[in-house]
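Quick notes on the structure that follows.
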Amino acid sequence: ARTVDEILVVAEKPSVARDIARVLGASARGEGRLTGGGYVVTWAIGHLVALKEPEELDERYRRWRAEDLPILPERMQLKVLPKTRAQFSVVKKLMNSREIRSIICATDSGREGELIFRYIYEQAGCRKPVKRLWISSMTDEAIRAGFDSLRPSADYDALYASARCRADADWLIGMNATRAYTIRYNVLLSIGRVQTPTLSMLVKRRREIDAFVPKPFYTVRADFGDYQGVYIDKKGERKLENEEAAQQIAQRVSGRSARVTQAAREHKSVWPPLLYDLTTLQREANAQLGFTAKKTLATAQKLYEQHKLLTYPRTDSRYLSHDMLGKVQTTLGSYDGALQLIGEQALSYGVRMTKRVFDDAKLTDHHAIIPTGKRADRVNLTADERRLYEMVAKRLAAAFYPNYEYDALRVVTTCGEDDFLSTGKAVTQEGWKAVYGGDEGKRKKKADDDEQRLPALAVGDERLCKRAQVTRDQTKPPKEYSDASILLDMEHAGRQIADEEIREQMKDCALGTPATRAAIIERLIDVGYVRRSGKNLVATEKGVHLIEAVPQEIASPETTGRWERALAEIARGSDGEARFRQGIARLAAFLVENAAGAPDVAFAKEERRGKKRIPTLGVACPVCGQGKVAENSKGFYCTRFREGCRFTIWKNALTRAGGPMLTAKLLKLCMEKKDVRGSTGTIHYDAGQIRFEAGER
């Protein structure tokens, strides 16, 4: 008989569980588990437990009615997700087994990972002691080190409080506002605490572009033989609004002698860039590799979890801890292939303790994203995985290269009464830019169009203006958002606030977290508020209309920024949880009240996407009589839901009462027969309502 001496380890995913089990020596396979060495290793499959839907709290919420809003449960309730019910049963049984004396939480080391475990632990009714595995790398060495330094679960109670507050807030705002505005406009509208202010920024940009009226302007360029200059007025302005005036300048300087009246040289030194956090990696991968934020996160997660080449990617820190100095030296020494030379060069410069890299005061739950030290040449990577890995590897090496140094040259050449400006750059030390070869220069070229290689010039030098040419151009509208630029504005959402005093107070506020921003962008696309146009993200008419319909309290980055800051403070151990929950409940109630008197906005009738046919049961909707009953992965609904029909029956509608999961065949039978008797009870159906009555056993 097995002794009551085993420790249960709960990982977030099967792949992570297998890695942990291998390190622990748990190789014996069982149902949903691996056993050995005194450990039982099991796993979630992402979320096994979630918050109940409104209709699961009370049958009356099955119909979307304004009089039932706001929905403000006294206590949020959990449910087991049907798709992964079998694995939850395995984990629950193990948690409560007499053979298990304690538990180790080994879900991802972050807010969401903490929530996943705590939900399972609560739903399983477990009371056994828990310790926390907190690691930033999935290498065998990091796993062993993590198990040698397990921490009490209570150390992460504040993080869990923050995670639960975030989940509850998203539910309360999302459920109430979505129902309230969908009822008001008879169009399915998705509204969220983070997604709506993000959409607001995209809509604001679209309005700026739509309202933009280009204006022509003219520049005059003079050719002095071995360099060129552009005309500037007495205020230093290059653009001329009048073409005739520009032509006159060109005519009067062409063929005339000129003299250098200013020649300034300023030495500049540029520090190496900081290491990557997730948002910066997503922004730069979008700009350099064309990756969406979602693709960057997925690729980085695979490099972390499967290939063990990167540390934990869902981080908002750009620094390392002081005790990682030796680890960094080892990692740089492990670079192979095309990266070997830059790794060796970084080591030759000296990996030193610098505040730009090692700063414990600026660490959050995790340090910056860096390579783990595992040799990449032994791993079979896709082209995209290799490119992203090399971005991170180059950034770590660059951090220890010397500064990039150059002389900024500014020359003014005067021809008669007209001044012409010439700018140039003379690189004196390539420094960290050598890591990137010519790539850095190519990316900057457009911004530095007027920079040129200037000859040695001194005040008093004379030249002949060979010719001068007028160029016509026009002002450009603001740029469309890309993944890179919207991520930047989400990270610094406080900058979007109009009121200067409030903007200063909120300058550090953000929309979402590094781990959630990619999903928010994709959500806006999925619900039809935003579309991709090449690399650009453009608000659709539906998105514009939604921002016209909702109040500033949900559309402004200020509100969500305040909540995100409060959540961060809760995670750090503040006692603001009750105040946060009260504020969210007030906002949910306000949004419901506001929806009733929301302005008239003409949402267009939505077309079916593509040519994909909606699967139907071939029977008329029992509520409106005009649509057909259709099926999706979660339930049955009317094909005229966009026109306002609210017929819905969830596939798990009967399971709470002990009944079966509904299938299309079973629902059709119920709609025909009204009462269907089975071995465990009877299903009663009447005019779109369905319930289960258990029979006597």
Locate the shortest heavy-atom distance separating [X] from [Y]; write the atom from each residue and the value.
| X | Y | answer |
| --- | --- | --- |
| G512 | E564 | N-OE2, 3.4 Å |
| L454 | T423 | CD1-C, 3.9 Å |
| A44 | I116 | CB-CG2, 4.2 Å |
| R206 | A539 | NH1-O, 2.7 Å |
| L310 | Y389 | CD2-CD1, 3.8 Å |
| N403 | S269 | ND2-OG, 3.0 Å |

Could you go through M391 and L388, starting from their C-alpha distance and side-chain angles, then the distance that decides it, and tell me whether this counts as side-chain contact (heavy atoms from CB on, under 4.5 Å)?
CA-CA 5 Å; M391 273 185 68; L388 194 69; 4.3 Å; yes

So, [X] and [Y], do they make that salt bridge, N to O below 4.0 Å?
| X | Y | answer |
| --- | --- | --- |
| K294 | D483 | no |
| E266 | R410 | no |
| E522 | K295 | no |
| R387 | E390 | no |
| R166 | D170 | yes |

Determine whether E141 and K374 satisfy the following criterion, side-chain contact (heavy atoms from CB on, under 4.5 Å), listing intermediate values before the conclusion.
CA-CA 11 Å; E141 295 76 16; K374 181 178 177 180; over 6 Å; no

Can any side-chain N or O of [X] pair as donor or acceptor with the backbone N or O of [Y] at less than 3.5 Å?
| X | Y | value |
| --- | --- | --- |
| K479 | P477 | no |
| R318 | L275 | yes |
| S422 | Q228 | yes |
| S485 | S482 | yes |
| K327 | T372 | yes |
| T107 | G113 | yes |
| D377 | G337 | no |
| R356 | T354 | no |

Step through the shown structure and confirm whether more than 12 heavy atoms of other residues, nucleotides or ligands are within 6.0 Å of [atom1] on [X].
| X | atom1 | result |
| --- | --- | --- |
| R453 | CZ | no |
| N380 | CG | no |
| K308 | NZ | yes |

If you measure from [atom1] on [X] to [atom2] on [Y], what distance do you get to the nearest 0.5 Å?
| X | Y | atom1 | atom2 | result |
| --- | --- | --- | --- | --- |
| Y335 | E344 | OH | CD | 12.0 Å |
| D19 | K13 | CG | NZ | 11.5 Å |
| L133 | F147 | CG | CZ | 5.0 Å |
| D226 | D223 | CG | CG | 9.0 Å |
| E480 | I486 | CD | CD1 | 11.0 Å |
| T311 | I135 | OG1 | CD1 | 11.5 Å |

Under 3.5 Å, is there a donor on one side chain and an acceptor on the other for [X] and [Y]?
| X | Y | result |
| --- | --- | --- |
| T279 | R517 | yes |
| R151 | Y156 | yes |
| T414 | D419 | yes |
| D384 | T299 | no |
| T559 | S556 | no |
| S348 | Q345 | yes |
| E305 | S15 | yes |

Show your reasoning for whether salt bridge (Lys or Arg N to Asp or Glu O under 4.0 Å) applies to R22 and D140.
CA-CA 9 Å; R22 187 187 67 254; D140 290 5; 2.5 Å; yes

Would you say [X] and [Y] make side-chain contact, with heavy atoms under 4.5 Å?
| X | Y | value |
| --- | --- | --- |
| V194 | W563 | no |
| V392 | L309 | no |
| H47 | E112 | yes |
| F224 | V411 | no |
| I521 | R532 | yes |
| F400 | V357 | yes |
| E558 | P197 | no |
| L297 | R314 | yes |

Going through the distances and angles, do R205 and E208 end up as a salt bridge (Lys or Arg N to Asp or Glu O under 4.0 Å)?
CA-CA 5 Å; R205 179 63 53 86; E208 289 170 349; 3.5 Å; yes

Angle class for the Y436/W432 ring planes (parallel below 30°, perpendicular above 60°, tilted otherwise)?
perpendicular

Check whether Y276 forms a cation-pi arrangement with R395 (NZ or CZ under 6.0 Å from the six-membered ring centre, at most 45° off the ring normal).
yes

Taking it one step at a time, do T219 and D473 satisfy side-chain contact (heavy atoms from CB on, under 4.5 Å)?
CA-CA 8 Å; T219 54; D473 206 337; over 6 Å; no

Could you go through D277 and T280, starting from their C-alpha distance and side-chain angles, then the distance that decides it, and tell me whether this counts as side chain to side chain donor-acceptor pair (under 3.5 Å)?
CA-CA 6 Å; D277 62 4; T280 312; 2.5 Å; yes

Decide side-chain contact (heavy atoms from CB on, under 4.5 Å) for S162 and R572; before the verdict, give the C-alpha distance in whole Å, the side-chain angles of both, and the deciding distance to 0.1 Å.
CA-CA 9 Å; S162 171; R572 288 192 289 267; over 6 Å; no

Given salt bridge (Lys or Arg N to Asp or Glu O under 4.0 Å), test D233 with K235 step by step and report yes or no.
CA-CA 5 Å; D233 64 17; K235 295 180 179 178; over 6 Å; no

